[in-house]
Every structure is written in C-alpha cells, then in structure tokens.
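Read the numbers this way: they start at 1 and go in the same order the structure lists the ligands and their atoms.
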Amino acid sequence: MTPDRASAEERRLRSLVARHDRWRGREVFNLLASENAVSRTARRYLSSDLAGRYTLPVALPGQGETVDNGYTGTRYTDAIETLANGAAARLFHGRYATTRPLSGHIAALAALVPLVPRGGRIVAIPPEHGGYDGYAPGYLPAMLGYTVRPLPASGPGYTVRAEEAAATIAVERPDAVVLGQSFVLFPYPLRAIADAAHEVGALVLYDASHVFGLIAGGEFQDPLREGADVVYGSTHKSLPGPQGGLLVTDREDLFRQIDGSLLWRVLDNAHWHRIAALGQTLLELERVGPDYARTVVANSRALGAALAEDGVPLRAGPAGYSASHQLLIDGEAMHARYGLRPGPLARRLERERLLIDLVGRIGTAEVSRLGLTPKEMPRLASLLVRGGLRGERVGPEVRRWRSEYRGLRFA
Ligand SMILES: Cc1ncc(COP(=O)(O)O)c(C=O)c1O
C-alpha cells in the first residue's frame, strides 16, 4: 500500500458518507421528530477550519489571578461566540445565553450541576408520561445524587395540568421543577407552575429540546416570559441547527453559577464550528422563524387530520392532534385495529423511503423546511398509510416526489 493513496477502507468510508448524504438528503422524506435539515451556510461552517480548533481560558502560571485564552490563534472565535450567544438571548428573551453545551443532555447537566446540589430533589415528567429518559431515576438523578419525583402528565396528549402540577410541587417541595418532554404535543400552564414552584423556593428549568425551534418562531410558548428561570435544550430537533445545545436565562445570579461550572465540570472545549453553525441558524431564525414555526405546526395539524381520516389512530385528536412539530401514533389502538405496532410500522415505512421513529412519533419540522405545506399533507398521509398500513410499494413514488424538493425553505 502506498501511504499517499487512500486505503480501501478510506474509499469505503468516502462512499458510505456520499451514499448516506444522497439517501437522506435527496431520496427520503424525513419525518423523525428529533431531526432537522441544517442550512447550507451552517453546513459550510461545520466543515470550516473551526472544526479542529480550541479556545479555553486558563489562569496564567506565575501571573496571579490573570486569566487569558490558553491558546493563541483564536482572534475570531470570541466574536463568533458573542454573535451566537447574542442571537440566542434575543430569540429566547433572556439577557444571558451560552451556546457552549454540546447537546441537549449536556445543556441539562449545565443547568442541573450548579443549580441543584447533590442530595437535592427534582420533579420531572416520567418517561411513561412522555418525559425524557435522562430525568428518570437511573440516569441524571443517579449520576448527580438527586431524588426525582414524578410530575404527572396525563391523558392522550400527555398534558401537564396546572392544579395537579401545583399540588405535586407543594407536596414534594423540590429544588427544581424540570419541564420538557420527548413526546410533546402541547404547551404547559407555565405561569401557574412557576407560581407554585417559586412559592416553595424551587427553580423552574424548562427543557425545550424538542420545541426550541417553535419557541424561536413565537409558537408554542415563551418560557422565560411565562415564568421559567432557565430554558435549555437541543439545537437540532425543531430548531434546525447543528447537533448541539444552548441555554438562556434572564437571571444574572443563575447564569454566573451556570457559566462558572461549565468548564471542566460539564465540558472542556466547546466546538467552535458548531457554535458558528448554530449562530448562523439562530440569525436565520430571527428573519424567518415565525413563518417557519407557523408552517411546522400547521403541517402537524393538517397531517394529523389527514392520517386520522385515512384510519391511523393518533393521540389527542379532539385537541387538534398537536400544537408542536410532533404527532403521536396511538400504538395500542393501531395494534388492535391493524395488528401492527409502531416499531414494525417504522421499519416498513423505512423501506418505502419514509422515516418515522420506532416509538410512534411523526415529526413535521424537516418536511416543512423542504417546502411542504398543509396542501401536501393529504398526499403525504396517503403514502404513509399505503406504505405503512397496507404494505404497498410506494418507495418509487416517494423518491420521485422527493426529487421535486431541492434546497431548503426558511434558510
Ligand atoms: C426532552 C429532551 N431533553 C433532552 C434530550 C437530549 O438531547 P440530546 O440528544 O441533544 O442530548 C432529548 C433527546 O431526545 C429530549 O427529548
């Protein structure tokens, strides 16, 4: 083997990446609720020189308290970060923002580690009510030494009700109330929850991982203005940015603690190519966010109605199916009616170039970015039903239709 020629494995890797890009970028409709398409400019920044760089503050040896960047060559990274943080603060209506967290899970750590001491108590929505697994007893709480008690979310929409939440908070007297779900259809009665939490001295931490893009566009709800103390989450679900996390608060005292504990407790280098790409996404959303978020929610409702009309059992029909980018299949009802569970349904649809997850969520964020509108939802519903429930070979038709959508809207 000559060292300056690509090895067989390198060529295979190149081919796999190219095939992945073609398949996911041109040949399927992606309805995964946890994903989105990153704008062309943001993608360019992701592969910029920033991808390999460091910038970290250090105390200078022999110079007392002096803190400086430990690396040279960083003359542009601070300004990039300032732009990204500024856009995040403006979009989510807080004075302090950090785009350093490497993901939604890391953003949760960034808030919890400094704000809830070891031995503390949180209430969070349990996974069986649509909550995020990370807040279940064996995961973040076990790692951080917390007790976690359930904040109930009930009914077909996994809805958090004000009186029930207030009663739970009054009984549990937690250090923090953690809102946010992985299966999320409707906003929270946040003012009532915040009042109940603040009454017992608890902080309200709002995990917006799934709904950040909707919040950015003025849909769903406005966590900091409605009483949350900190809002944080992923930047790549309804928010169409690179994989990553961010956190915003209006409280200087909390931000000092959060910012002060990020370095070396939660993370080391913050990945500057990601922060540049996220900055670009947030700046794009300042221009087009409202239009984008409105379209996403309108598509969810239209797709929900069309699927239901075609016989797909969905949760929360009487409430209009959704106020988010998600629709939730009623797995039990579908099994009773068609003998099919969400997992096998998703595998069947994958073969037909339609991607949903195996836990019964259907997301409309990425197809909205492609340019689909409520007008197209009946056609999309019909393909999902024919390919998923009836086992028809709709893949070729999906591929032809998909090829009509080049580029991204709202970017
Ligand atoms: C509510 C919620 N919080 C946090 C996370 C973790 O996000 P990430 O994958 O960006 O770490 C998820 C992931 O799905 C989530 O649904």
Side-chain angles (χ1 to χ4, degrees), residues 30-36 38 46 88 92 98-113 116 122-141 143-144 146 148 150-151 153 157-160 176-188 190 193 204-216 220-221 223 228 230-248 262 266-267 270-271 274-275 277-278 281-282 322-328 346 355-363 365-366:
N30 184 17
L31 295 149
L32 290 163
S34 306
E35 293 186 356
N36 214 318
V38 179
L46 279 176
F92 301 110
T98 174
T99 45
R100 291 192 180 203
L102 307 180
S103 75
H105 189 86
I106 301 295
L109 270 178
L112 288 169
V113 165
V116 180
I122 62 171
V123 296
I125 301 161
E128 60 275 21
H129 296 184
Y132 172 50
D133 290 288
Y135 301 123
Y139 300 103
L140 284 170
M143 192 171 105
L144 299 172
Y146 301 164
V148 57
L151 182 69
Y158 295 127
T159 313
V160 176
V177 175
V178 181
L179 290 171
Q181 288 158 289
S182 299
F183 295 68
V184 57
L185 298 176
F186 302 109
Y188 304 109
L190 195 42
I193 292 173
V204 177
L205 309 179
Y206 190 118
D207 178 340
S209 288
H210 263 279
V211 290
F212 244 157
L214 307 178
I215 293 170
F220 208 69
Q221 65 188 153
V230 181
V231 60
Y232 61 78
S234 315
T235 55
H236 48 267
K237 299 179 194 281
S238 67
L239 203 157
Q243 291 266 345
L246 68 81
L247 178 152
V248 184
L262 268 179
V266 177
L267 48 84
H271 302 175
R274 177 186 63 76
I275 289 176
L278 175 56
T281 307
L282 297 171
S322 181
S324 77
H325 61 304
Q326 295 188 3
L327 294 167
L328 304 181
L355 305 185
I356 68 168
D357 64 36
L358 275 74
V359 291
R361 293 179 298 188
I362 300 175
E366 186 160 329

Ligand 1 atoms in contact with [X] (distance to a heavy atom under 4.0 Å):
{"X": "His105", "result": "6 (C), 7 (O), 8 (P), 11 (O)"}
{"X": "His210", "result": "16 (O)"}
{"X": "Gly104", "result": "7 (O), 8 (P), 10 (O), 11 (O)"}
{"X": "Gln181", "result": "1 (C)"}

Ring centres under 6.0 angstrom apart (Tyr188, Tyr206):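 Ring centroids of Tyr188 and Tyr206 are less than 6.0 Å from each other.
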Would you say the ring centroid of Phe92 lies under 6.0 angstrom from that of Phe212?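 Yes: the rings meet the under 6.0 Å criterion.
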Between Arg361 and Ser34, is there a donor-acceptor pair closer than 3.5 Å when you use the side chain of the first and the backbone of the second?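 Not confirmed, Arg361 side chain does not pair with Ser34 backbone.
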Which of these passes side chain to side chain contact (heavy atoms under 4.5 Å, CB included) with Asp133: Ser182, Pro127, Pro126?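 Of Ser182, Pro127, Pro126, side chain to side chain contact (heavy atoms under 4.5 Å, CB included) with Asp133 is met by Pro127 alone.
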N/O to N/O below 3.5 Å, does that happen between [X] and ligand 1?
{"X": "Gly180", "answer": "no"}
{"X": "Ser34", "answer": "no"}
{"X": "His236", "answer": "yes"}
{"X": "Tyr132", "answer": "no"}

Identify the protein heavy atom lying closest to [atom], giving its residue, its atom name and the separation to 0.1 Å.
{"atom": "atom 7 (O) of ligand 1", "value": "Ser234 OG, 3.1 Å"}
{"atom": "atom 13 (C) of ligand 1", "value": "Lys237 NZ, 3.1 Å"}
{"atom": "atom 3 (N) of ligand 1", "value": "Asp207 OD2, 2.6 Å"}
{"atom": "atom 4 (C) of ligand 1", "value": "Ser209 OG, 3.3 Å"}
{"atom": "atom 16 (O) of ligand 1", "value": "Ser182 OG, 2.7 Å"}

Calculate, to the nearest 0.5 Å, the distance between atoms [atom1] and [atom2] belonging to [X] and [Y] respectively.
{"X": "Leu151", "Y": "Ile122", "atom1": "CG", "atom2": "CD1", "value": "10.5 Å"}
{"X": "Ile356", "Y": "Ile362", "atom1": "CD1", "atom2": "CD1", "value": "5.0 Å"}
{"X": "Leu246", "Y": "Thr98", "atom1": "CG", "atom2": "OG1", "value": "8.5 Å"}

Smallest separation among heavy atoms of Pro141 and Gly134, with atom names: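 So the minimum-distance heavy-atom pair works out to CD-O, 3.6 Å.
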Would a 4.5 Å heavy-atom cut-off, applied to side chains only, mark Glu35 and Asn30 as touching?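 Side-chain contact under 4.5 Å: yes.
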